[in-house]
Amino acid sequence: MRLLLLLFSISFTLSGQDIFTFEKSRKYGDYLLKSGQFELASKEFERLVYLSSNNDTLKTNLLKAYRLSNQTTLGIEKLSVLYADKTKVPYSPALEFSKLQMQNQSWQQAKEFWNKNESFSSDDKVLLNVTSDIFNNDFKSARVNISQISNQENELGIGYRSILEKEVRKKSPGLAALMSAVVPGTGKAYSNNWKDGIVSLFFTAGMAFQSYRSFNKYGTNNHRGWIYGGIGLGFYLGNIYGSVKSTKDYNRKKINALQHEASALFNTYY
């Protein structure tokens, strides 16, 4: 009898507290999101959106949870369930959806979405298009697009213009090849690869000297001069090819650094 009274008392207490109210569930979802439990947060917000289908804040958090838990495909597919008309998606969930598409590297689809969406301002669309151009290595298009921004003092626009100015100062693979053809190793030094440049210079010069010395001492009919000369020629041609590759690697690393900088600016601004 006492056990039954105790169970009844506990049940009455819990029902009085109503621990499963919508508001407490929302706070729990926010806690999961802030504490980095993104997959659990996505499940909680799925339930909350089902209970309150017109709440755009909950939909934004659901898309954010999908993105942060790397459920990008699921998040992208979910938008058509959340909103019947993609052009009418409000700003916050539209921005989260754009980030999902970027994370999925669906750049063309992302462009089509934000250019048609009515919640983004004209400057937002410019900045989003420039972001897409930078990550697609289309810096020519990025320069054209950034010139269309109406607010020249926009923080992200200023940052992007700085990135585009840095991108112009790339190394020329053709010049590197020419430099190494004239003086072996200088093309690699031009791309800041000084160590390989010095090795190429001394090795190629060393083989050329040994070849000259052998021909001078033993004559042109002796095999030693031809062997040294062949090795030297191989290193000379390899040095030219290596200079071109070194310059391309330098440019690729620079572009990657600029894209990383663009990502940091974008995430800070949006």
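All values reported here derive from a predicted model rather than from experimental measurement.
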Asker: Just checking, K171 and Y250: is the charged tip under 6.0 Å from the six-membered ring centre and within 45° of the axis?
Answerer: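 Because its charged atom sits under 6.0 Å from the ring centre and within 45° of the axis, K171 does stack over Y250.
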Asker: Decide whether Y66 and E46 meet the rule of one side-chain donor and one side-chain acceptor closer than 3.5 Å.
Answerer: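 Their side chains do contain a donor-acceptor pair, which is all the 3.5 Å distance test asks for.
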Asker: Output all residues satisfying ring pair (Phe, Tyr, Trp, His ring centres under 6.0 Å) with Y31, sequence neighbours left out; order by chain, then residue number.
Answerer: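 Checked Y31 against ring pair (Phe, Tyr, Trp, His ring centres under 6.0 Å); zero matches.
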Asker: Could you check whether E44 pairs with R47 (Lys NZ or Arg NE/NH1/NH2 to Asp/Glu carboxylate O, under 4.0 Å)?
Answerer: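 Yes.
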Asker: Do the side chains of K59 and E96 get close enough for a salt bridge, i.e. N-O under 4.0 angstrom?
Answerer: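 No, no charged N to carboxylate O under 4.0 Å.
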Asker: Given T131, which partner from the list Y270, W107, W114, Y160 fulfils the side chain to side chain donor-acceptor pair (under 3.5 Å) test?
Answerer: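 Answer to the side chain to side chain donor-acceptor pair (under 3.5 Å) test with T131 among Y270, W107, W114, Y160: Y160.
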Asker: Would you kindly confirm whether Y241 and L175 end up in one hydrophobic cluster when ILVMFWY residues are joined by side chain heavy atoms under 4.5 Å apart?
Answerer: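 Different clusters.
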Asker: Assess the side chains of N154 and D123: does a donor N or O sit below 3.5 Å from an acceptor N or O?
Answerer: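 No, no side-chain donor-acceptor pair sits under 3.5 Å.
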Asker: For residues 51-58, dump all side-chain donor-acceptor pairs below 3.5 Å to protein atoms at least two apart in sequence or in another chain.
Answerer:
from	atom 1	to	atom 2	distance (Å)
N55	OD1	T57	N	3.0
N55	OD1	L58	N	3.1
D56	OD1	Y83	OH	2.6

Asker: Tell me whether K111 at atom NZ has more than 12 heavy atoms from other residues, nucleotides or ligands lying less than 6.0 Å away.
Answerer: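 Atom NZ in K111 is crowded, with more than 12 foreign heavy atoms closer than 6.0 Å.
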Asker: Find out whether N117 and T87 are in side-chain contact, i.e. whether some heavy atom of one side chain is under 4.5 Å from a heavy atom of the other.
Answerer: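 They are not in side-chain contact.
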Asker: Would D30 and K34 pass as an ion pair if we require N to O under 4.0 Å?
Answerer: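 So D30 does not pair with K34 through a salt bridge.
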Asker: Hey, is the main chain of D138 close enough, under 3.5 Å, to the side chain of S141 for a donor-acceptor pair?
Answerer: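 Side chain of S141 to backbone of D138, a donor-acceptor pair under 3.5 Å: no, none is there.
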Asker: Going by the side-chain contact (heavy atoms from CB on, under 4.5 Å) test, name the single residue among S98, P93, S42 that passes it with L63.
Answerer: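 Of the listed options, the one satisfying the test is P93.
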Asker: Using 30° and 60° as the class boundaries, would you call the ring planes of F120 and Y91 parallel, tilted or perpendicular?
Answerer: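 Ring orientation, 0 to 90° scale: perpendicular.
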